[in-house]
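Notes follow once the structure below has been shown.
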Amino acid sequence: MILVTGATGKVGREVVDGLLMQGWYVRAVSRRPESAGLPSSVEVRPGSPEDVPAMTAALEGVESAFVVLVGDVEAQARGFAEAAAAAGQLKRLVLLSSSSVVHPVSHRIGDEHRAAEEILSQAVPNATMLRPGPFHSNSLWWAKSIRETGRARCLVGNQPGAPVDPADVASVGVAALTEDGHAGQAYELTGPELLTSGDQVRVLEQVLGRTIGFDVASIEEAIGVFSAISGDPVTAERNVRALHSPQVPWSQVSPDGSRLLGRPLRTYREWAAAHRGLFV
Ligand SMILES: NC(=O)c1ccc[n+]([C@@H]2O[C@H](COP(=O)([O-])OP(=O)(O)OC[C@H]3O[C@@H](n4cnc5c(N)ncnc54)[C@H](OP(=O)(O)O)[C@@H]3O)[C@@H](O)[C@H]2O)c1
């Protein structure tokens with residue numbers, strides 16, 4: 001039995017599908033099991049990683065887990081670690097972390113994922129860390145404005161990076177859960193090509209067959225937007241400045257994903273073509 005948290009999300013859902021295709025029994029965790037929309041063969045349990053009693057119950061009989069932490073990442077890591085200790089028999093853990101943990105510019109996203117890696121590595125020795133850069137699917141942030149106004153506004157920097165397909169991240173996760181040789185490893189996962197946000201919009205234009213207006217917010221505007229969402233201007237400024245740094249870890253293509261999967265990772269154009277309907 002393999003447990004998947006964040007199973008209704010962009011990577012988790014693909015991990016569930018990948019495991020089912022290989023014939024594994026999958027138990028999923030969702031805060032809203034009734035609307036999870038997962039295949040009927042998946043046992044869906046209510047909960048979130050920080051909920052120790054719910055996770056302890058969900059981990060019963062589970063030997064491997066794919067862990068996704070969203071929201072208060074550190075609190076969720078602590079909760080899941082406590083539940084894993086209580087449940088006792090978890091042998092293999094694969095964490096969806098972030099390449100922000102190796103970002104030389106300190107910021108909240110890197111700090112919280114680094115803490116989560118440490119907490120979960122102590123709970124389950126030889127855990128495997130997946131450290132992706134930004135997902136192709138982040139451009140869904142533009143979907144509503146592209147549909148409604150034909151424009152996209154880039155909020156966090158426009159420097160080259162190599163976005164990765166969440167489905168490829170999930171494929172690496174499935175390999176790490178089901179194959180030997182991944183214990184204690186950390187994989188940096190990027191897509192196969194460097195693109196700016198402007199380059200991504202040009203790909204979307206070609207895929208959609210229409211022009212899209214594009215502009216880039218100032219750093220001050222981005223800080224204001226994230227500060228309004230989080231209510232924490234200091235953290236918002238640290239995060240935005242880190243994301244504008246030319247040293248972002250995903251500014252270089254990593255070979256890890258294609259080496260592990262034995263094929264090239266999916267391009268942004270492939271992702272855009274597969275998700276075209278969300279932009280029209
Ligand atoms: N997006 C990126 O570019 C990117 C890049 C690198 C790393 N990451 C990391 O990957 C992980 C997944 O990120 P994501 O954006 O792709 O997540 P996501 O797929 O949007 O969310 C995964 C699941 O988490 C649950 N969830 C959402 N918000 C929550 C909250 N506030 N508290 C508790 N549970 C919540 C939801 O499941 P239920 O409603 O079913 O409970 C959701 O389906 C995060 O740790 C993120 O930092 C993301």
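Each ligand, and each atom within it, is numbered from 1 in the order the structure gives.
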Item to check | Between Thr267 and Glu270: side-chain donor-acceptor atoms closer than 3.5 Å | outcome: yes
Next on the checklist: Checking Thr196 against Asp199: is there a side-chain donor and acceptor pair closer than 3.5 Å?
Outcome noted: yes
Next on the checklist: Between Asp111 and Arg108, does any NZ, NE, NH1 or NH2 come within less than 4.0 Å of an OD or OE carboxylate oxygen?
Outcome noted: no
Item to check | Closest heavy-atom pair and its distance - Pro233, Ile223 | outcome: O-CG2, 4.4 Å
Give a table of atom pairs where an N or O of ligand 1 lies under 3.5 Å from a protein N or O.
from, atom 1, to, atom 2, distance (Å)
ligand 1, 1 (N), Asn138, OD1, 3.3
ligand 1, 3 (O), Phe135, N, 3.0
ligand 1, 3 (O), Asn138, OD1, 3.2
ligand 1, 3 (O), Asn138, ND2, 2.8
ligand 1, 19 (O), Lys10, N, 2.8
ligand 1, 20 (O), Lys10, NZ, 2.9
ligand 1, 26 (N), Arg31, NH2, 3.2
ligand 1, 32 (N), Val70, O, 3.2
ligand 1, 34 (N), Arg31, NE, 3.4
ligand 1, 37 (O), Thr8, OG1, 3.0
ligand 1, 39 (O), Arg31, NE, 3.4
ligand 1, 39 (O), Arg31, NH2, 2.9
ligand 1, 40 (O), Thr8, OG1, 2.6
ligand 1, 40 (O), Ser30, OG, 2.6
ligand 1, 41 (O), Arg31, N, 2.8
ligand 1, 41 (O), Arg31, NE, 3.0
ligand 1, 43 (O), Thr8, OG1, 2.6
ligand 1, 43 (O), Gly9, N, 3.2
ligand 1, 45 (O), Leu69, O, 2.6
ligand 1, 47 (O), His113, NE2, 2.8

Item to check | Basic-acidic side-chain contact under 4.0 Å: Arg92, Asp180 | outcome: yes
Item to check | Donor + acceptor pair across side chains of Tyr187, Thr128 (<3.5 Å) | outcome: no
